[in-house]
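The figures that follow rest on heavy atoms only: side chains count, while hydrogens, waters and symmetry mates do not. When a residue number appears, it is its place in the shown sequence, counting from 1.
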Amino acid sequence: MITMPQPMKPANAVTGNKISKSDLEKINNIEQQFALNNSDDLEIIPDELSNDDIAIQYYGYLLREIRRMKLPITNVDKPFLTECAFCLSHIRESKIDMNKYGLVEDKTDKNGNFLGTQLRAVFRAEAELQKRYAVACNKLGIDPSSRASIARATVNENNAKTDDTEELFE
């Protein structure tokens, strides 16, 4: 079985001691600078969302929150941001449908004889959208585990800054 290496997370989401703190800080500065110079296209709503007002709202919300978290985001991340907004919009539609019509439906044969119940297609579609959303969030660094890593790294960095002995070893 071939295993793929784990994709590199943004520097501010890396935890552990595989990379020195000074190197992580340098990488983070480069990522932030790159994001500043290459994010002008993110403000333009993608064509694939233009007919979906809810997806447009999610797109703007996600972009604001990513910037508020100070995560590096650039024009090349736009497809992942678009995917997140698309999935959230359709997950919302699916949930509204499931609340209205339920999760299961009766299954009958061609003669109308009752065969049992089955999950509705909208339930399976919503589950697939959830998976797609989770993958896109992970790529952007906005999933819960990435945010937890960022929070831990920030706390560790702040603690390290208050420890004067660390300067002796860098």
Side-chain angles (χ1 to χ4, degrees), residues 1-16 28 31-32 34-35 38-156:
M1 178 179 183
I2 298 174
T3 58
M4 300 295 291
Q6 187 132 6
M8 184 71 167
K9 290 189 174 195
N12 61 358
V14 175
T15 58
N28 185 44
E31 288 173 352
Q32 294 295 338
F34 183 70
N38 297 296
S39 62
D40 56 326
D41 191 37
L42 292 172
E43 299 297 330
I44 302 168
I45 301 296
D47 289 340
E48 52 266 43
L49 300 180
S50 64
N51 293 328
D52 187 343
D53 290 337
I54 301 298
I56 290 170
Q57 289 177 21
Y58 277 125
Y59 183 91
Y61 170 77
L62 290 167
L63 182 58
R64 283 190 309 277
E65 291 301 310
I66 288 169
R67 286 181 170 160
R68 201 173 100 198
M69 289 188 288
K70 294 182 174 55
L71 292 174
I73 185 164
T74 66
N75 293 335
V76 295
D77 298 314
K78 192 171 186 173
F80 295 121
L81 186 58
T82 303
E83 178 73 2
C84 283
F86 173 86
C87 288
L88 286 173
S89 175
H90 287 81
I91 288 168
R92 180 178 180 272
E93 287 179 17
S94 299
K95 289 192 181 301
I96 290 169
D97 182 275
M98 288 185 286
N99 284 334
K100 187 173 183 178
Y101 299 109
L103 299 177
V104 294
E105 61 189 357
D106 292 340
K107 184 176 180 184
T108 58
D109 65 13
K110 63 182 177 180
N111 297 323
N113 298 319
F114 178 74
L115 299 175
T117 58
Q118 65 183 14
L119 285 174
R120 294 181 56 238
V122 71
F123 179 79
R124 291 186 295 276
E126 191 263 349
E128 184 61 33
L129 287 163
Q130 291 279 4
K131 289 177 191 173
R132 288 174 54 186
Y133 176 70
V135 168
C137 282
N138 185 275
K139 299 285 186 186
L140 287 171
I142 59 174
D143 61 312
S145 64
S146 294
R147 289 194 317 268
S149 295
I150 291 167
R152 274 195 305 277
T154 301
V155 168
N156 291 341

For this session: Applying side-chain hydrogen bond (donor to acceptor under 3.5 Å, both in side chains), name anything that partners Glu65, two or more places apart in sequence or on another chain.
Result: Arg68

For this session: Could you list the residues that satisfy side-chain hydrogen bond (donor to acceptor under 3.5 Å, both in side chains) with Ser89, not counting sequence neighbours?
Result: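 Result, side-chain hydrogen bond (donor to acceptor under 3.5 Å, both in side chains) vs Ser89: Asp52.
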
Separation between [atom1] of [X] and [atom2] of [Y], rounded to the nearest 0.5 Å:
{"X": "Leu81", "Y": "Leu62", "atom1": "CG", "atom2": "CG", "result": "6.0 Å"}
{"X": "Ile56", "Y": "Ser50", "atom1": "CD1", "atom2": "OG", "result": "6.5 Å"}
{"X": "Ile96", "Y": "Ile91", "atom1": "CD1", "atom2": "CD1", "result": "12.5 Å"}
{"X": "Met69", "Y": "Leu140", "atom1": "CE", "atom2": "CG", "result": "9.0 Å"}
{"X": "Cys137", "Y": "Ile142", "atom1": "SG", "atom2": "CD1", "result": "4.0 Å"}
{"X": "Thr74", "Y": "Asp41", "atom1": "OG1", "atom2": "CG", "result": "10.0 Å"}

Exercise. Just wondering, more than 12 heavy atoms not from Arg92 lying within 6.0 Å of its CZ?
Worked result: no

Problem set entry | Pairs touching residues 98-111 that satisfy side chain to side chain donor-acceptor pair (under 3.5 Å), sequence neighbours left out |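 Matches after skipping sequence neighbours: Glu105-Gln118, Asp109-Asn113.
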
Exercise. Under the side chain to side chain donor-acceptor pair (under 3.5 Å) rule, what pairs show up with a residue in residues 123-136, not counting sequence neighbours?
Worked result: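 Those involving residues 123-136 are Glu83-Arg132, Lys95-Glu126, Glu126-Gln130.
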
For this session: Inspect the contact between Lys78 and Glu48 and indicate whether a charged nitrogen and a carboxylate oxygen are less than 4.0 angstrom apart.
Result: no

Seminar exercise, completed: Sorted by chain and residue number, the salt bridge (charged side-chain N to carboxylate O under 4.0 Å, His left out) partners of Arg64 (sequence neighbours excluded) come out as none

Closest approach of [X] to [Y] (non-hydrogen atoms, all atoms of both residues):
{"X": "Leu42", "Y": "Asn75", "value": "N-OD1, 3.5 Å"}
{"X": "Pro72", "Y": "Asp77", "value": "O-OD2, 4.1 Å"}
{"X": "Gly141", "Y": "Leu71", "value": "O-CD1, 3.5 Å"}
{"X": "Ala55", "Y": "Ala85", "value": "O-CB, 3.4 Å"}

Exercise. Please walk me through it: do Leu63 and Glu43 pass side-chain contact (heavy atoms from CB on, under 4.5 Å)?
Worked result: CA-CA 8 Å; Leu63 182 58; Glu43 299 297 330; 3.9 Å; yes

For this session: Determine which pairs satisfy ring-ring contact (aromatic ring centres under 6.0 Å, His included) with at least one residue from residues 55-86, sequence neighbours left out, and list them in order.
Result: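 Found Phe86-His90.
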
